[in-house]
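First the proteins, then the strands, lettered A, B, ... as listed; each starts at 1.
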There are 2 protein chains.
Amino acid sequence: MEDQQVGSLRFHIDFSQPLYEQILDQVRSAIAKGEIGLGDKMPSVRELAQELRVNPNTVMRAYQELERDGLTEKRRGQGTFVTSSPEHVRSFRTALAAKYIDSFMDQMESLGLTWNDIQSYIEQKYDAEEGGSMR
Amino acid sequence: MEDQQVGSLRFHIDFSQPLYEQILDQVRSAIAKGEIGLGDKMPSVRELAQELRVNPNTVMRAYQELERDGLTEKRRGQGTFVTSSPEHVRSFRTALAAKYIDSFMDQMESLGLTWNDIQSYIEQKYDAEEGGSMR
DNA sequence: TTAGGTGTATTAAGTGATATAATACACTTA
DNA sequence: TAAGTGTATTATATCACTTAATACACCTAA
């Protein structure tokens with residue numbers, strides 16, 4: 001699949017998952033990682049839809065979820081903007097991470113794996129170090 | 001939701017996910033954790049369908065996937081049995097765990113979390129210890 | 001004031017995954 | 001032979017997802 005750049009946002013869209021979900025995840029990621037700055041203007045619904053060759057309603061769905069998450073704010077007639085509140089980003093990131101981690105731990109438990117099993121695998125595969133990043 | 005016991009298998013089925021997927025996951029888990037023994041007979045397609053109040057085709061779909069995974073074997077006219085090969089179970093468990101872990105690490109990376117962030121959260125929440133289990 | 005860009009809402013339609021239902025067939029065991 | 005296996009087929013229904021075509025209220029800049 002091909003990557004697409006729209007403003008400061010990068011997208012890789014395929015058909016493995018719902019389109020609105022991929023848009024949602026990738027914008028979330030960009031905000032969480034600071035690839036798009038606090039207060040920055042997002043692409044308009046119509047523009048992003050056109051760039052990604054997707055229906056405006058599909059982009060809308062992703063944008064509405066982003067606002068519910070507190071990651072964006074809308075200004076009538078002006079557009080959609082990334083929240084200016086670092087706390088909003090931080091708390092959302094924490095909550096989502098917790099959700100992912102809990103779900104992951106349930107999966108591991110269902111396979112009968114211990115925490116040490118997981119650590120072994122990860123440290124071996126990702127070569128994690130004290131204080132290092134994951135890559 | 002209510003739990004159901006069918007032979008040595010426990011099920012909790014709800015409507016949060018596809019039915020065949022829940023059946024699949026829960027049988028996998030039972031095999032991986034040894035809750036149902038190697039070589040044991042599984043409930044028949046019709047019996048399990050009746051117990052879970054689900055269509056036989058839905059159980060069939062889960063059973064076919066289990067066989068593709070190498071976790072079960074079918075004997076014509078006799079029924080479906082858990083594989084007698086510990087290696088099959090072990091290799092499947094390893095492969096599935098790797099898939100889960102990789103997907104999880106991608107999620108964490110998308111939120112900009114480091115391996116240490118994850119460790120801190122888990123050790124705090126699950127109170128993991130050296131050599132201990134996850135619960 | 002006007003023109004064009006915002007987000008939003010509505011209605012209609014199509015597709016695919018999921019699930020149910022009813023039925024039939026080949027095979028094995030007792 | 002009878003009953004229990006897995007399997008296959010056909011039809012139907014529902015729901016999530018997506019597209020399409022419009023329309024409306026709001027804001028900004030010319």
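Applying the salt bridge (Lys or Arg N to Asp or Glu O under 4.0 Å) test to every pair with at least one member in residues 71-81 of chain A, sequence neighbours left out, gives these pairs: Glu67(A)-Lys74(A). Note on residues 64-105 of chain A: pairs passing ring pair (Phe, Tyr, Trp, His ring centres under 6.0 Å), not counting sequence neighbours, are Phe104(A)-Phe104(B).
Between the OH atom of Tyr63(A) and the C1' atom of dA9(C) there is a distance of 18 Å, rounded to whole Å. With rounding to whole Å, Glu21(B) atom CD is found 15 Å from dA16(D) atom C1'. In this structure, Phe15(B) places its CZ atom 15 Å from P of dT14(D), rounding to the nearest Å. Taking atom CD of residue Glu65(A) and atom C1' of nucleotide dA16(D), one finds them 15 Å apart after rounding to whole Å. If you measure from atom CE of Met60(B) to atom P of dT9(D), you get 10 Å, rounded to the nearest angstrom. Atom-to-atom, CG of Leu48(B) to P of dT7(D) comes out at 14 Å; the value is rounded to the nearest Å. As a whole-Å value, the separation of Gln50(B) CD from dG6(D) C1' is 17 Å. Protein atom CG of Leu66(B) is 12 Å distant from nucleotide atom P of dG6(D), rounded to whole Å.
With 3.5 Å as the limit, one finds a donor-acceptor pair spanning the side chains of Thr114(A) and Asp117(A). When only modelled atom types and interatomic distance are considered, Thr58(A) and Asn55(A) share no side-chain donor-acceptor pair under 3.5 Å.
Neither OP1 nor OP2 of dT18(D) sits under 4.0 Å from any side-chain N or O of Gln22(A). For the pair Gln17(A) and dT18(D), the criterion of a side-chain N or O lying under 4.0 Å from OP1 or OP2 is not met. Listed pair Thr80(A) / dG7(C) meets the phosphate criterion, a side-chain N or O lying under 4.0 Å from OP1 or OP2.
Taking 4.5 Å as the limit, some side-chain heavy atom of Met108(B) sits within range of a side-chain heavy atom of Ile101(A). The side-chain heavy atoms of Tyr20(A) and Val54(A), taken from C-beta on, include no pair separated by under 4.5 Å. With contacts defined as side-chain heavy-atom distances shorter than 4.5 Å, the pair Leu52(A)/Phe11(A) qualifies. Taking 4.5 Å as the limit, some side-chain heavy atom of Leu71(A) sits within range of a side-chain heavy atom of Arg28(A).
With sequence neighbours excluded, the residues that form a side chain to side chain contact (heavy atoms under 4.5 Å, CB included) with Arg46(B) are Ser44(B). For Glu87(A), the side chain to side chain contact (heavy atoms under 4.5 Å, CB included) partners two or more places apart in sequence, or in a different chain, are Ser85(A), Arg90(A).
Residue side chain Asn55(B) reaches the base of dA21(C) through a donor-acceptor N/O pair under 3.5 Å, judged by distance alone.
Closest approach to the Leu19(A) side chain among dG7(C), dT7(D), dT18(D) is made by dT18(D) (side chain taken as heavy atoms from C-beta onward). In the set dA19(C), dG7(C), dA21(C), the nucleotide with an atom closest to the side chain of Ser44(A) is dG7(C). Comparing atom distances between the Lys74(B) side chain and each of dT7(D), dT8(C), dT20(C) picks out dT7(D) as nearest.
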Interface polar pairs with nucleotides 23-27 of chain D, N/O, under 3.5 angstrom:
from	atom 1	to	atom 2	distance (Å)
dC27(D)	O4'	Arg76(A)	O	3.3

How does each nucleotide of nucleotides 12-17 of chain C score, in 5' to 3' order, for protein heavy atoms under 4.0 Å: base (B), sugar-phosphate only (S), or none (-)?
-> ------
